[in-house]
Amino acid sequence: MNENQQKTTHFGYKTVAENDKASMVADVFHSVAAKYDVMNDLMSFGIHRLWKRQTIASSGVRKGHYVLDLAGGTGDLTSKFSQLVGETGQVILGDINSSMLKVGREKLRNLGRVGNIEYVQMNAEALPFPDNSFDLITIAFGLRNVTDKDKALRSMYRILKPGGRLLVLEFSKPEHEALSKAYDFYSFNILPKMGQLVANDSESYQYLAESIRMHPDQETLKSMMEDAGFEHTSYQNLTGGIVALHRGFKY
C-alpha cells in the first residue's frame with residue numbers, strides 16, 4: 001500500500017480512507033436529493049432562506065457578472081443570481097453529485113430560469129475553469145463535505161477574477177454554551193428521526209449532523225481562507241453562530 005492510499009480523513013465521526021470519502025458523501029446526497037428542499041425547510045424551520053438571503057445581500061452581484069454557485073444543490077442561490085446578472089451575465093450551478101444537479105435543473109426550469117444558467121458536474125478540489133473567470137463564487141453548506149478543503153479553497157482562489165469575492169455559507173460553532181447544548185440535542189436526537197420519517201433515511205442525516213461538528217470553526221476557516229490567498233477575510237455569525245457566512249477577496 002503506497003503512502004497516498006494510507007491517508008485517512010473524517011466521514012462524520014468515522015475515520016475512512018481519503019480516497020473513499022467522495023463516494024461515501026455521494027451516496028448520502030444521492031439518497032437525500034429528492035427530499036432535500038423539504039428537509040431543509042423542516043430541519044431549519046425555514047431559517048435557511050434567511051441565511052441564503054444574507055448571502056445574496058453580501059454578494060455584490062450586478063448585471064453582467066459571472067457567478068459560480070458551487071455545491072449549488074437544488075439551486076436556491078442560482079435562482080436569485082440568474083435574475084441579478086441578467087442576460088449579459090452567467091451563473092454556473094456546479095455540484096459533484098449528479099442527483100442534486102438533476103433536481104436543481106428541474107426546479108429552476110420549472111421556475112422559468114433559463115438562458116443564463118449552466119449546470120456542470122465538478123469537484124471543488126479541481127475546478128474545470130481558466131484562471132480569473134468569475135466575479136463571485138459561493139459555496140453554501142458544501143465545504144464541510146469536501147475531502148481536501150485547503151485544495152478546494154486554492155482552486156476557488158485561482159478561478160476568481162482580481163477583485164472577485166468568495167462567500168462560504170456553512171454550519172459553524174454556536175457562540176453560547178446553552179445554544180450549543182440545545183443544538184447538539186436537536187442534531188443527534190431529533191434530526192435523524194426526522195430524516196427517517198420524511199426521507200426514510202436516518203443514517204444520511206446522522207452523517208450530516210456529524211459532519212457539521214467536524215467542520216472547522218469560524219476562526220479556523222478564516223485562517224484557511226487566508227492561507228489559500230484570500231484577503232480582507234471576515235465572517236458574520238448567523239443564528240447565534242449555528243451558521244457563519246465567511247467572505248474573502250482576491251486582489
Side-chain angles (χ1 to χ4, degrees), residues 25-124 127-129 133-146 152 155-156 159-161 164-171 195 198-199 201 204 208 238 243 245:
V25 171
D27 288 342
V28 169
F29 283 92
H30 286 311
S31 176
V32 305
K35 297 284 188 179
Y36 191 75
D37 282 338
V38 173
M39 283 297 295
N40 268 355
D41 278 327
L42 287 173
M43 288 187 302
S44 71
F45 307 102
I47 300 173
H48 76 98
R49 298 174 185 275
L50 299 178
W51 299 332
K52 290 170 182 171
R53 193 176 300 167
Q54 183 61 36
T55 304
I56 291 159
S58 301
S59 70
V61 165
R62 303 188 301 276
K63 287 194 180 304
H65 273 184
Y66 280 70
V67 176
L68 173 60
D69 182 15
L70 190 55
T74 56
D76 287 345
L77 293 177
T78 291
S79 178
K80 183 61 178 176
F81 286 140
S82 74
Q83 295 175 289
L84 292 174
V85 303
E87 294 180 3
T88 57
Q90 186 179 49
V91 184
I92 293 178
L93 193 163
D95 204 292
I96 197 171
N97 189 274
S98 58
S99 298
M100 295 294 287
L101 273 178
K102 181 180 177 183
V103 171
R105 184 188 296 114
E106 290 177 358
K107 174 180 168 182
L108 292 173
R109 286 180 177 172
N110 288 338
L111 289 171
R113 305 281 189 265
V114 294
N116 64 356
I117 301 174
E118 286 192 18
Y119 303 87
V120 181
Q121 188 169 357
M122 66 182 75
N123 186 332
L127 296 169
F129 303 104
S133 294
F134 293 94
D135 298 285
L136 172 74
I137 300 173
T138 58
I139 180 165
F141 306 115
L143 186 61
R144 74 181 189 280
N145 297 309
V146 174
S155 188
M156 293 176 217
I159 65 169
L160 267 180
K161 295 178 182 178
R165 76 183 73 183
L166 167 68
L167 295 175
V168 181
L169 181 67
E170 188 55 89
F171 291 105
V198 177
D201 183 356
S204 291
L208 292 173
L238 306 173
V243 164
L245 176 61

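Partners of R144 by salt bridge (Lys or Arg N to Asp or Glu O under 4.0 Å), not counting sequence neighbours, listed by chain and number: E170. For T78, the side-chain hydrogen bond (donor to acceptor under 3.5 Å, both in side chains) partners are D69, not counting sequence neighbours. K161 meets the salt bridge (Lys or Arg N to Asp or Glu O under 4.0 Å) test with D135; sequence neighbours excluded. Every side-chain hydrogen bond (donor to acceptor under 3.5 Å, both in side chains) that S79 has, sequence neighbours left out, goes to R113. Considering only residues two or more places apart in sequence or on other chains, R53 meets the side-chain contact (heavy atoms from CB on, under 4.5 Å) condition with L50. With sequence neighbours excluded, the residues forming a ring pair (Phe, Tyr, Trp, His ring centres under 6.0 Å) with F134 are F129, listed by chain and number. Checked against side-chain hydrogen bond (donor to acceptor under 3.5 Å, both in side chains), Q121 has no partners two or more places apart in sequence or in another chain. A search for ring pair (Phe, Tyr, Trp, His ring centres under 6.0 Å) contacts involving Y66 returns nothing, not counting sequence neighbours.
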Next item on the list: Could you go through the side-chain contact (heavy atoms from CB on, under 4.5 Å) check for I56 and L84 one step at a time?
Entry: CA-CA 10 Å; I56 291 159; L84 292 174; 3.9 Å; yes
Next item on the list: Given side-chain contact (heavy atoms from CB on, under 4.5 Å), test L238 with L169 step by step and report yes or no.
Entry: CA-CA 10 Å; L238 306 173; L169 181 67; 4.0 Å; yes
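Residues L160 and L166 form a side-chain contact, since some pair of their non-hydrogen atoms from C-beta on lies under 4.5 Å apart. A 4.5 Å side-chain heavy-atom check between T138 and L136 finds at least one atom pair inside the cut-off.
We find the OG-CZ distance between S44 and R49 to be 8.0 Å, quoted to the nearest 0.5 Å.
Between D76 and K107 there is a salt bridge, since at least one side-chain N of the basic residue sits less than 4.0 Å from a carboxylate O of the acidic one.
A side-chain contact (heavy atoms from CB on, under 4.5 Å) with L70 holds for exactly one of L93, D95, V168, L127; it is L127.
Side chain of S155 to main chain of A152: no donor-acceptor pair is present (N/O by atom type, distance under 3.5 Å, no hydrogens or angles).
A perpendicular orientation is assigned to the rings of F171 and W51, their planes being inclined by more than 60° (bins at 30° and 60°).
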